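Contents: one structure, followed by commentary.
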Amino acid sequence: MLIIGELINATRKRVKEAILNKDGVFLQELACRQAEAGASYIDVNVATGVGRKQNEAEDMDWAVKQLKAACNKPLSIDTTNLEVLEAGLRAHGPGALVNSVSAEQGNLYPFLELARDYKCTVIALPIQDAGIPRDENARAEVAAKIIEAAGKTNFPVEKLYFDPLVMPLGVDDHSASVTLETLRLFKEKLHVNTVVGLTNISHGLPERTLLNRTFLTMAMAKGLDAVIVNPLDKRVMSSLLSGEALKGNDPFCGNYIKAFRRGSLIP
Amino acid sequence: MSILNELAKSIEEGKLQEIKEQVSHALAEGLSAEEILEKGLMQGMDVVGKRFAAEDMFIPEVMLSARTMHEALLVLRPLLEQGDQNVKMKGKVLLGTVEGDIHDIGKSLVEMMFVANGFEVVDIGENISPQAFVDAIKEHKPDVVGLSALLTTTMPAMARTVEAISAAGLRDDGRLKVIVGGAPVTEEFAREINADYYGENALDGVEVVKQALAG
């Protein structure tokens, strides 16, 4: 399972302050702690909501330069803005993750072209201008459009990770089941890699970690390939490790047992 | 327990199946539609708001309470609109998600809470340009306009929308109130872009608007 560490995000108060005060050390430490906890990519979102777009591109350039050499992990450039993405990729060099491309006009082709030029892996959201498709079939249709666009731009489809979209369970009883069905369609019909951002599922509900980790194992059973998560959350990471072992992805239960010895397995 | 207390309790507990019958029963007992709404059902919604703010109730429960309120209003509204009881809606709220942002979940929750609290709501949808907001305000003449954004990247569109509403002279007489909300939006940001109010969540938004229109 590919783990994308989500903690460097400007919607979190301490991170926002670090970006505004140019506190590179704080960000570097946060990146390294996530890497040590198992993150393969470190997500970087610098949208503080303060100032204009220009600042966001500058902030991205600064943050990527602070982080790229910090702990030897590639970064995930988290933005919906092309200039910000370009600033991040230019500072990073090849091999970053693009979080994310959608099928919206003006987003799809320019993002894929940049990602191709910088040899990136890409998270793809089946969203179009009309909004978020309600059901699994509509989401698969939009995903197919993104695959078609990847073909036209010579972007390798195996480097696309499709997000089935996670909506809060609290506002719709069927949110999770639609996500899981979409995931199944993506795997069975489109044969693509998949990724979810976990925490949205539990918005507005008590004991969020319990829902997050249960949902994670349900998604893993449907063939989930990657997850955007807080790798410092030991309970979620324990579920992930046990899920990998149960799926047969952990030879001789090595990682599971190692984690137990380290004392980081939490039931 | 009095009939009015029972009605309040049913809203709080989201007794979706029973509420219509309870309201009909209250009417048969001689209570007026206005009393039932103001002293019964709305009291229940008030408790819901307070418990939600205290994190003692959660979003699905609040939604169930709001649905239950809708059911009750199906029985009451025809009576309230007959005129002789002279009950007015609390106010008219126009809602939309700003340009570049297609998210509707937060806005739908806000709409549900306004309706459940006795407001008339016009939802003009998502990805709404500043000019489209201005046109809709001219057409519907709301007391309050609520702007929603989920993305940090669409917050500038929120600022442009507030500017456009001001530039069109729609705030000149001070009657129209502008409230903003959505996950990345803060009170500080609301002040910065010259909005009148900020709603931290759907129920807080309703509370703020209630106080604003009362004062």
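Note on naming: letters A, B, ... go to the chains in the order of the sequence lines (proteins, then strands), and numbering restarts at 1 for each one. Owing to the predicted nature of the structure, the values given are computational and were not obtained by experimental measurement.
When heavy atoms are compared at a cutoff of 4.5 Å, A:I127 approaches chain B solely by way of its side chain, counted from C-beta outward. For chain B, the nearby part of A:D129 is the backbone; its heavy atoms alone come within less than 4.5 Å.
Between the side chains of A:S76 and A:D78, no donor-acceptor pair is found at a separation under 3.5 Å. Side-chain atoms of B:D101 and B:H103 include a donor-acceptor pair closer than 3.5 Å. A donor-acceptor contact closer than 3.5 angstrom links the side chains of B:S10 and B:Q22.
Other residues, nucleotides and ligands contribute more than 12 heavy atoms inside 6.0 Å of the CD atom of A:E17. Residue A:E113 qualifies as enclosed at atom CD: its count of foreign heavy atoms under 6.0 Å is above 12.
Listed in order of number, the residues of residues 59-75 of chain B that approach chain A to under 4.5 Å between heavy atoms are B:I59, B:P60, B:M63.
Between B:E111 and B:K107, no side-chain nitrogen of the basic residue sits less than 4.0 Å from a carboxylate oxygen of the acidic one, so the salt-bridge criterion is not met.
The shortest side-chain heavy-atom distance between A:I19 and A:I8 does not fall under the 4.5 Å cut-off.
Contact count against chain A (heavy-atom pairs under 4.5 Å) is highest for B:D104 among B:D104, B:T186, B:N127.
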